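A, B, ... follow the sequence lines: proteins, then strands. Residue 1 opens every chain. Hydrogens, waters and symmetry mates play no part in the numbers below; they use all other heavy atoms, side chains included. Values in this document were obtained by computation on a predicted structure and should not be read as measured data.
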Amino acid sequence: NAGVTQTPKFRVLKTGQSMTLLCAQDMNHEYMYWYRQDPGMGLRLIHYSVGEGTTAKGEVPDGYNVSRLKKQNFLLGLESAAPSQTSVYFCASSTWTNPNYGYTFGSGTRLTVV
Amino acid sequence: AQTVTQSQPEMSVQEAETVTLSCTYDTSENNYYLFWYKQPPSRQMILVIRQEAYKQQNATENRFSVNFQKAAKSFSLKISDSQLGDTAMYFCAFIPYNNNDMRFGAGTRLTVKP
């Protein structure tokens, strides 16, 4: 059982370039999330999805877009990368039907924008 | 807006001793979950312990226990018999029931010294 898998694990982009981060989960979870982690700020929610075909904004959505065409996948896109988007990105998934509620996280993607 | 505060950016403890990490949160909700996550150098976010607000009994998981004070909005983590493998960043997190925005504190970096 792989849980939550993120690809790639590392990436360096030039300012203005675009890229897509892929998150895949095999636990049949309804909810999926994208967070960014910055030093001294913990994790902050970028976007989330409560089901296939639905997405919503989180705390820091500007500069990012997401799509959830399949229940198991949640994509995070950067259309025009900026140095302020240098961060570690985490995907997570959850289900409210599990009495032991909690998020399952991927291993993160370290993105550097130069 | 819900906020989570971890007032100790860094802490250290001798191997085999006990350490307590502090967390406070601000919310008007009555029903919610609280979590402690561990992030070792591998970057993986690992769930340490979970507490449901309606449960008065403090959660315990082996060497990890919490002191949950709902009226004071305090949720501290106690690690007993500290081990070198406990060295990590620890994040306190909060989410109301039926919500999709888990809020994290800024983290406490714990070092266990031999």
Contacting moiety of B/Q6, where chain A heavy atoms sit under 4.5 Å
neither
Chain A heavy atoms under 4.5 Å from B/I95: which part of the residue, side chain, backbone, both or neither?
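The side chain, not the backbone.
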Hydrophobic clusters here meaning ILVMFWY residues chained together by side-chain heavy-atom distances under 4.5 Å, can you tell me if [X] and [Y] are in one?
{"X": "B/F75", "Y": "B/L47", "answer": "no"}
{"X": "A/V66", "Y": "A/V60", "answer": "yes"}
{"X": "A/M32", "Y": "A/L75", "answer": "no"}
{"X": "B/M89", "Y": "B/V112", "answer": "no"}
{"X": "B/M102", "Y": "B/Y33", "answer": "yes"}

Is it the backbone or the side chain of A/S49 that comes under 4.5 Å from a heavy atom of chain B, or both, or neither?
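Contact with chain B involves no heavy atom of A/S49 at all.
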Taking all atoms of both residues into account, what is the closest heavy-atom pair of B/R43 and A/F10, and its distance?
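For B/R43 and A/F10, the tightest heavy-atom pair comes out as NH1-CE2, 3.8 Å.
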Please say whether more than 12 non-hydrogen atoms of neighbouring residues, nucleotides or ligands are located less than 6.0 Å from [atom1] in [X].
{"X": "B/K78", "atom1": "NZ", "answer": "no"}
{"X": "B/R109", "atom1": "CZ", "answer": "no"}
{"X": "A/E59", "atom1": "CD", "answer": "yes"}

For the ring pair A/F105 and B/Y37, is the centre-to-centre distance below 6.0 Å?
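Yes; B/Y37 has its ring centre under 6.0 Å from that of A/F105.
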Tell me, out of A/G106, A/G58, A/A92, who's got the most heavy-atom pairs with chain B below 4.5 Å.
A/G106
Out of curiosity, A/F90 CZ to B/M45 CE, how far, rounded to the nearest 0.5 Å?
6.5 Å
Among residues 33-45 of chain A, which residues come closer than 4.5 Å to chain B, judged by heavy atom distances?
A/Y33, A/Y35, A/Q37, A/G40, A/M41, A/G42, A/L43, A/L45
